[in-house]
Undergrad: 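This is the structure, below, for whatever I ask next.
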Amino acid sequence: MLYFLNTLFPVRYLTLGLCAMGLALSLFSLIVFGVGWGPFLVCAWLVGVGVYDLRQTKRSILRNYPVIGHMRFMMEFVRPEIRQYFIESDNEATPFSRAQRSLVYQRAKNEPDKRPFGTQLDVHAEGYEWMNHSVAPTVLSSHDFRVTVGPDRAKPYSISVFNISAMSFGALSANAILALNAGAKRGGFAHDTGEGSISAHHRVHGGDLIWEIGSGYFGCRNEDGSFNADKFAANAADPQVKLIELKLSQGAKPGHGGVLPGPKVTAEIAAARGVPIGVDCVSPAAHSAFSTPIEMLEFIERLRQLSGGKPTGFKLCIGHPWEWFAMVKAMLATGITPDFIVVDGAEGGTGAAPLEFTDHVGSPLQEGLLLVHNTLRGAGLRDKIKVGCAGKVVSSFDISRLMALGADWCNSARGFMFALGCIQAQHCHTGACPTGVTTQDPLRQQSLVVPDKAERVFNFHQQTLHALQELVQAAGVSHPSEITAHHIVRRSSDNRVRSLAQSILTQLPTGALLDDDAAGLPLIYRQNWPLAQAQSFQAIIAV
């Protein structure tokens with residue numbers, strides 16, 4: 001009964017309902033007793049505000065929480081102290097996250113992102129980083145920085161250096177997917193589908209897609225959950241699909257898999273994933289289409305052929321180093337190379353994951369990216385494979401820094417969620433998202449007005465790349481790929497100042513891993529490279 005009543009009149013409309021009740025009572029008092037003009041006018045005004053809130057399209061919170069939602073914006077108006085505590089704070093309690101979210105909101109709304117009184121960071125603190133600039137800055141005509149993936153393939157793709165990271169329909173609402181893809185279409189950047197496959201909502205606006213294939217093979221599976229080549233070929237032939245990405249693991253919960261409970265598997269989600277309606281949808285922890293590094297690369301080559309020659313690669317969060325080395329040895333043994341590799345950092349987010357996995361499993365992005373970049377250099381493969389990355393990438397400085405460490409492009413999930421209006425209420429797994437971003441509740445997601453939020457997605461991308469252009473010009477170079485680890489400087493714990501090239505980056509010489517003499521290599525290679533084998537993900541155990 002309570003569920004039925006909540007469906008008819010959701011609790012979040014309680015304030016508006018009380019105002020309407022007060023209006024009715026005060027009107028009755030006026031008619032019967034001739035008194036009560038004050039309460040009548042107040043209640044009439046509040047009901048008018050609530051009706052306006054429900055009909056306006058700019059603020060999702062007010063559409064979901066009429067009248068009472070204004071409390072949030074009252075706090076936002078009193079800035080900066082109260083705004084920083086109530087509005088920009090989050091449960092992670094990290095100043096980095098607060099500042100970055102505020103920056104995204106400003107750029108998404110096309111508000112000025114300039115700040116008075118200089119830096120708000122402690123420039124003398126351990127870990128503070130900055131970019132070296134040039135006294136001879138460049139002047140660039142465009143901020144549309146791109147990289148070509150699979151230049152030798154039948155259908156190469158020129159990808160933006162900043163794209164939407166993997167978020168599935170089901171994790172996000174239909175309106176969120178529609179807004180993200182509309183923004184991607186307008187801005188000419190890529191939208192990763194996540195492992196939930198390509199839904200009808202991804203197809204409405206025609207934005208470029210990176211189709212992620214997870215261990216559940218959603219969108220290309222048989223009834224038993226195994227891979228179906230015919231279904232894959234049919235979906236991959238869609239002109240919207242520009243890249244094929246095989247997901248080995250994600251940073252938020254690497255090696256875990258997951259289950260979407262049956263009650264949440266709606267008709268739309270079932271159609272996108274190719275699973276029965278109302279039945280638990282399982283993402284296994286491991287793939288069934290391959291079990292060795294060589295088989296994995298052969299599967300990637302098969303996907304590439306079935307897609308008609310579209311660039312194909314894989315995504316992973318680095319775990320056991322010998323397993324990653326085994327993949328590289330398999331590339332050398334077979335001559336099969338992915339067109340790209342996306343490195344997902346452990347700091348990446350998810351709608352729900354076990355606490356231990358989010359906090360303590362998987363390599364952070366910096367360490368994972370450096371290992372992938374250097375290993376490909378050492379194996380003589382770096383020029384053949386593009387490297388993307390994801391993991392709390394929000395600002396243009398984030399992009400510059402990660403490209404300096406070896407990335408060719410960056411993906412962002414959290415940043416684009418903020419652009420949609422996410423306030424990190426952390427109700428993603430409950431279906432009660434206050435802004436309509438991560439809910440399947442049809443009433444709640446109506447608060448996310450697609451044209452308005454698509455504009456904000458576009459603005460965030462454009463403003464971030466414009467800021468990146470200014471950084472590139474200040475550094476005196478012509479493309480973010482020319483920013484190196486020598487440009488980024490860090491203050492260490494002993495108050496020394498070193499560039500990233502001096503403090504954390506050991507560039508392996510090209511081909512260094514092809515030499516049998518490993519004496520001069522960093523410890524991780526000396527210990528783990530000999531343990532890796534192309535025929536198995538298991539390490540070689542000395543007897």
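These values consider heavy atoms only, across backbone and side chains, with no hydrogens, waters or symmetry-generated copies. Numbers for residues simply follow the sequence, beginning at 1.
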Undergrad: So do the side chains of Val387 and Leu369 get within less than 4.5 Å of each other, counting heavy atoms only?
TA: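 SC-SC contact between Val387 and Leu369 confirmed.
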Undergrad: Does Lys231 form a side-chain contact (heavy atoms from CB on, under 4.5 Å) with Arg221? I'd like the steps, not just the answer.
TA: CA-CA 7 Å; Lys231 291 180 180 179; Arg221 60 184 267 139; 5.6 Å; no
Undergrad: Taking all non-hydrogen atoms of both residues into account, name the closest pair between Ile318 and Gly368 and its distance.
TA: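 Ile318 and Gly368 have their closest heavy atoms at CG1-CA, 3.8 Å.
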Undergrad: Within the structure provided, determine whether Val279 and Val265 are in side-chain contact (heavy-atom separation under 4.5 Å).
TA: no
Undergrad: With a 4.0 Å cut-off, would you call Lys247 and Glu195 a salt bridge?
TA: yes
Undergrad: Any side-chain heavy atom of Leu140 within less than 4.5 Å of one from Val472?
TA: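 Of all side-chain heavy-atom pairs linking Val472 with Leu140, at least one is under 4.5 Å.
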Undergrad: Verify, without hydrogens or angle tests, whether Ser199 (side chain) and Ala272 (backbone) share a donor-acceptor contact under 3.5 angstrom.
TA: no
Undergrad: On a heavy-atom basis, which atom in Ser165 and which in Ala413 lie closest, and how many Å separate them?
TA: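 Scanning both residues, the minimum pair turns out to be CB-N, 3.5 Å.
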Undergrad: In Å, rounded to the nearest 0.5 Å, how long is the span from OG of Ser215 to CZ of Phe227?
TA: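 The CZ atom of Phe227 is 13.5 Å from OG of Ser215, to the nearest 0.5 Å.
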Undergrad: Quick one: CG on Asn459 to NE2 on His466, what's the gap to the nearest 0.5 Å?
TA: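 Here the rounded value is 13.0 Å.
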Undergrad: Is there a donor-acceptor contact under 3.5 Å from the side chain of Gln445 to the main chain of Ala174?
TA: yes
Undergrad: Supply the atom-to-atom distance Leu243 CG to Phe340 CZ, rounded to the nearest 0.5 angstrom.
TA: 5.0 Å
Undergrad: Could you report the tightest heavy-atom contact between Lys310 and Asp238, atom names first, then the distance?
TA: NZ-O, 2.8 Å
Undergrad: Would Glu129 and Arg490 satisfy salt bridge (Lys or Arg N to Asp or Glu O under 4.0 Å), going step by step from the backbone distance to the final call?
TA: CA-CA 4 Å; Glu129 292 180 338; Arg490 169 188 284 179; 3.0 Å; yes
Undergrad: Please determine if Lys315 and Asp192 form a salt bridge, counting it only when a charged side-chain N lies under 4.0 Å from a carboxylate O.
TA: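 The answer is no: the pair does not qualify as a salt bridge.
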Undergrad: Any side-chain to backbone donor/acceptor pair from Thr464 onto Phe460? Under 3.5 Å, distance only.
TA: yes
Undergrad: Glu245 vs Ile213, test: side-chain contact (heavy atoms from CB on, under 4.5 Å). Steps then yes/no.
TA: CA-CA 6 Å; Glu245 178 182 274; Ile213 310 296; over 6 Å; no
Undergrad: Find the distance between CG (Asp344) and OG (Ser363) and round it off to the nearest 0.5 Å.
TA: 11.5 Å
Undergrad: Can you tell me which residue among Leu448, Leu172, Val450 is in a side chain to side chain contact (heavy atoms under 4.5 Å, CB included) with Leu178?
TA: Val450
Undergrad: For residues Phe162 and Phe416, establish whether the separation of their ring centroids is below 6.0 Å.
TA: yes
Undergrad: Which is it for Val241 and Asn235 under the side-chain contact (heavy atoms from CB on, under 4.5 Å) test, yes or no, and what are the steps along the way?
TA: CA-CA 8 Å; Val241 176; Asn235 260 333; over 6 Å; no
Undergrad: Does the Asn163 side chain pair with the main chain of Ala190, one donor and one acceptor, at a distance under 3.5 Å?
TA: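 Flag set: sc Asn163 to bb Ala190 pair under 3.5 Å.
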Undergrad: For Ser160, which residues count as a side chain to side chain donor-acceptor pair (under 3.5 Å) partner, sequence neighbours excluded?
TA: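 For Ser160 the side chain to side chain donor-acceptor pair (under 3.5 Å) partners, ignoring immediate neighbours, are His461.
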Undergrad: Which value, rounded to the nearest 0.5 Å, describes the distance between Asn222 atom CG and Asn228 atom CG?
TA: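 Reported value, rounded in 0.5 Å steps: 4.5 Å.
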Undergrad: Under 4.5 Å between any side-chain heavy atoms of Val123 and Trp130, yes or no?
TA: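 The answer is no, as the side chains (C-beta and beyond) never meet within the 4.5 Å cut-off.
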Undergrad: Measure the shortest side-chain to side-chain distance between Asp408 and Val149 over non-hydrogen atoms and say whether it is less than 4.5 angstrom.
TA: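 Contact flag for Asp408/Val149 side chains = no.
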Undergrad: Assess, by modelled atom type and distance only, whether the side chains of His143 and Gln462 contain a donor and an acceptor separated by less than 3.5 Å.
TA: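 A donor-acceptor contact under 3.5 Å links the two side chains.
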Undergrad: Does the side chain of Trp211 come within less than 4.5 Å of Ser197's, by heavy atoms?
TA: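 Yes, side chains in contact.
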Undergrad: Heavy atoms only: give me the nearest Arg146-Phe189 pair and the separation to one decimal.
TA: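 So the two residues come closest at NH2-N, 4.5 Å.
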Undergrad: Applying side chain to side chain donor-acceptor pair (under 3.5 Å), which residue pairs with at least one partner in residues 169-187 are found, sequence neighbours left out?
TA: Asn181-His191, Arg186-Glu455
Undergrad: Between Phe40 and Trp45, is the ring centre distance below 6.0 Å?
TA: no
Undergrad: With heavy-atom distances below 4.5 Å as the criterion, would you say the side chains of Arg273 and Ile269 are in contact?
TA: yes
Undergrad: So Ser168 and Phe218, side-chain contact (heavy atoms from CB on, under 4.5 Å) or not? Walk me through it.
TA: CA-CA 11 Å; Ser168 300; Phe218 300 129; over 6 Å; no
Undergrad: Minimum heavy-atom separation for Ile423 to Tyr105, with atom names?
TA: CA-OH, 3.5 Å
Undergrad: Please tell me if the side chains of His287 and Leu246 come closer than 4.5 Å, counting only heavy atoms from C-beta onward.
TA: yes
Undergrad: Does a side chain donor of either Ser226 or Asp224 reach within less than 3.5 Å of an acceptor in the other side chain?
TA: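 Result is yes, a qualifying pair exists.
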Undergrad: Find the distance between CG (Leu465) and CD (Gln463) and round it off to the nearest 0.5 Å.
TA: 10.0 Å
Undergrad: Give a yes or no answer on whether the side chain of Ser26 reaches the backbone of Leu23 with a donor-acceptor pair at less than 3.5 Å.
TA: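 At least one qualifying donor-acceptor pair exists.
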Undergrad: Whether the side chain of Ser249 engages the backbone of Cys317 through a donor-acceptor N/O pair (distance < 3.5 Å, no angle test) should be reported.
TA: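 Flag set: sc Ser249 to bb Cys317 pair under 3.5 Å.
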Undergrad: For Asp208 and Gln240, test the side chains for any donor-to-acceptor distance below 3.5 angstrom and give the result as yes or no.
TA: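 Checked: Asp208/Gln240 side chains show no N/O donor-acceptor pair below 3.5 Å.
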Undergrad: So which heavy atom on Leu471 is nearest to which on Met131, and how close?
TA: O-SD, 3.9 Å
